[in-house]
There are 2 protein chains.
Amino acid sequence: MPSQTRSRTSAADDSRDPRERILLAAGREFAERGYEAATVRDICTAAGANVAAVNYYFGDKQRLYIESVKHAHEARLRQVPQPEWAPGTPAAQKLRDFVGSMLDRMLGGDQPPWQVRLMMRELLQPTEACRELVEDYIRPHFGILLGVLDELTGSALPGSEVRRLGLSIIGQCFLYRAAGDVVAMLVPAGEIDAYHTPQAIADHVTRFTLAAIGAAEPFARPGLGTVSALESPR
Amino acid sequence: MPSQTRSRTSAADDSRDPRERILLAAGREFAERGYEAATVRDICTAAGANVAAVNYYFGDKQRLYIESVKHAHEARLRQVPQPEWAPGTPAAQKLRDFVGSMLDRMLGGDQPPWQVRLMMRELLQPTEACRELVEDYIRPHFGILLGVLDELTGSALPGSEVRRLGLSIIGQCFLYRAAGDVVAMLVPAGEIDAYHTPQAIADHVTRFTLAAIGAAEPFARPGLGTVSALESPR
DNA sequence: AATCGATTCAAACGAGCGTTTGAATCCGTC
DNA sequence: GACGGATTCAAACGCTCGTTTGAATCGATT
């Protein structure tokens, strides 16, 4: 008899280890449908394994979920390492690199988006796997960003302020990942391809941030005042 | 026999109309657990109604879901109308008002957060109810923001640029709503209450945006250059 | 070739789900 | 007070889910 009807999903599925195959299929399924809606039957079918394999290898569905989140997270870390900067790299360049790689990681087409989608679910509605994800993955990245911002502002700002700057940057990128469908509804049809690619967004976010910090020219020089103070023209 | 064991949830539940009660309970349940995990039995128990009431009034679970999303959306529109500005109000003031009311709507404690949470689910993983939500609720608000930004920049920027500015502002606020739990993990414990209240965030986002546009002082005046320039230490 | 633990399998179990049913109850109308 | 439609109810139906079971199969070791 044939070993199994495989070749159900992508090419990476003929991994020798069935445990690995199930983890992959589970990640995809959980990412696409969510924890409740995903069924172990569908996962096992996609992995070319028997229904009982989940319980044999992972105990139960919940542990499979946690393992698949970790697995996707580790795969992502391997795929997109943080950029290394030569000493003397301008801080503005570092910021552009950081934002660009973050957006690539979130939206980039060179890797399947389901891994990020799975992690996104965790961030939006934290379960058990979330804290681990934050400590291992998010916080170190956030720390790098804070370092760049601190350098960029000449260490003139208190930590709390730098953190808020960092969150402002992440928020701008995050919107495209989390609510990309809605963004696509809000801007004219042809504009997405021209002005909302990862590259274009990275340029915009970097320029926006540099201008706010005072390390680049502002977007406009309107004659309209602030709330109470007045601005000094060039 | 007693009419029913009510008083299960909040005070607004003794609405005379059972249909209304079910809609309210369904909104809360769907917001908290998601569509799949929420059960009509729990919803009906919370609403003080019989299980069959859902099918009697709404046909099936999916139609109940769509109705509850619409219901939450309409209630929100009634609760938080867009601020009106007297003629001559400075654009910077309008921006602050807009951001503040958006954050209040998203995070504010004066109204139950489950309505926004329910709508958030729709934005993140659009279903049938999403397009309607965008057209009726999101797009008009976005239009107001674009108007303020256009005024703020003296109509000097093309529409595509203004839209990206608008998305940058929304993204900064959106992060706190969608990933608030993670934000709380990333900043020191005591800092949330001091620097990440709706008021404080609104001030920060407004200042950040005004600085980027050139309508306020930048956050720092570092000697650090842009990408091509070089930085000079303090 | 026999052995034995590891793995795979088809089949079934029990629970919980959304939904249906048909009778009971309510309530305005005549 | 009898009628009749609207509403409520307890009970059950059919289905799918996660999980379990016990036998069949595999593969290295003796």
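Model, not experiment: these values are computed from the prediction. Basis for what follows: all heavy atoms, side chains included, without hydrogens, waters or symmetry-related copies. The chains referred to below are lettered A, B, ... by the order of the sequence lines, with proteins before strands, and numbering in each begins at 1.
- Residue B:Y56 has its side chain nearest to D:dT7 when only D:dT7, C:dC9, C:dT20 are considered.
- Side-chain rings of A:F208 and B:F208 approach one another, their centers coming within less than 6.0 Å.
- In the helix from C:dA1-D:dT30 to C:dC30-D:dG1, the terminal helix axes, each the rotation mapping four pairs' C1' atoms onto the next four within five end pairs, subtend 10°, rounded to 10°.
- Note: CD (A:E29) to P (D:dC17) measures 11 Å, nearest angstrom.
- Straight-line distance from the CD atom of A:Q62 to the P atom of D:dC17: 19 Å, rounded to whole Å.
- For A:V40, the listed nucleotide lying nearest its side chain is D:dG18; candidates were D:dG18, D:dC9, C:dT7.
- At the heavy-atom level, A:V54 lies nowhere under 4.0 Å from the strands shown.
- Checked against D:dA10, C:dT7, C:dG18, the side chain of B:T39 finds its nearest nucleotide in C:dG18.
- Rounded to an integer number of Å, the gap from B:D42 CG to C:dG18 C1' is 13 Å.
- Between B:R63 and B:D60 there is a salt bridge, since a side-chain N of the basic residue sits under 4.0 Å from a carboxylate O of the acidic one.
- What separates CG of A:N55 from P of C:dC13 is a distance of 17 Å, to the nearest Å.
- Distances from the side chain of B:D60 to the nucleotides C:dT19, D:dT20, D:dT7 place C:dT19 closest.
- Here the side chain of A:K61 is nearest to one of D:dT19, D:dT8, C:dG18, namely D:dT19.
- Here D:dG18 presents its C1' atom at 13 Å from CG of A:N50, a figure rounded to the nearest Å.
- If you check every strand for non-hydrogen atoms under 4.0 Å, A:A38 touches sugar and phosphate atoms only.
- The side chain of A:V51 approaches D:dT19 more closely than any other nucleotide in the set D:dT19, D:dT8, C:dC17.
- Side-chain atoms of A:P18 lie closest to C:dT8 of the nucleotides D:dT8, C:dT8, C:dT19.
- Atom-to-atom, CG of A:L64 to C1' of D:dC17 comes out at 15 Å; the value is rounded to the nearest Å.
- Between the CD1 atom of B:I22 and the C1' atom of D:dT7 there is a distance of 11 Å, rounded to whole Å.
- Using a 4.0 Å heavy-atom cutoff across all strands shown, A:F58 reaches no nucleic acid atom at all.
- Taking CE of B:M119 as the reference point, atom CG of B:L133 lies at 4.5 Å (rounded to 0.5 Å).
- Atom CG of A:L64 sits about 11.0 Å away from atom CD of A:E29, to the nearest 0.5 Å.
- Taking all atoms of both residues into account, the shortest heavy-atom contact from B:A31 to B:R121 is O-NE, 3.0 Å.
- Among the atoms of the strands shown, none is found under 4.0 Å from any heavy atom of A:A53.
- Between the P atom of C:dC17 and the OH atom of B:Y65 lies a distance of 19 Å, rounded to the nearest Å.
- The side chain of B:R41 lies closest to D:dA12, out of C:dT8, D:dC17, D:dA12.
- Within the 4.5 Å cutoff, side-chain heavy atoms of B:Y137 are placed close to those of B:R76.
- For the residue pair B:Q199 and B:D203, no side-chain donor N or O sits within less than 3.5 Å of a side-chain acceptor on the partner.
- The side chain of A:A52 has D:dT20 as its nearest neighbour among D:dT20, C:dT8, C:dT19.
- In this model, no donor atom of one side chain and acceptor atom of the other lie less than 3.5 Å apart for A:R41 and A:T45.
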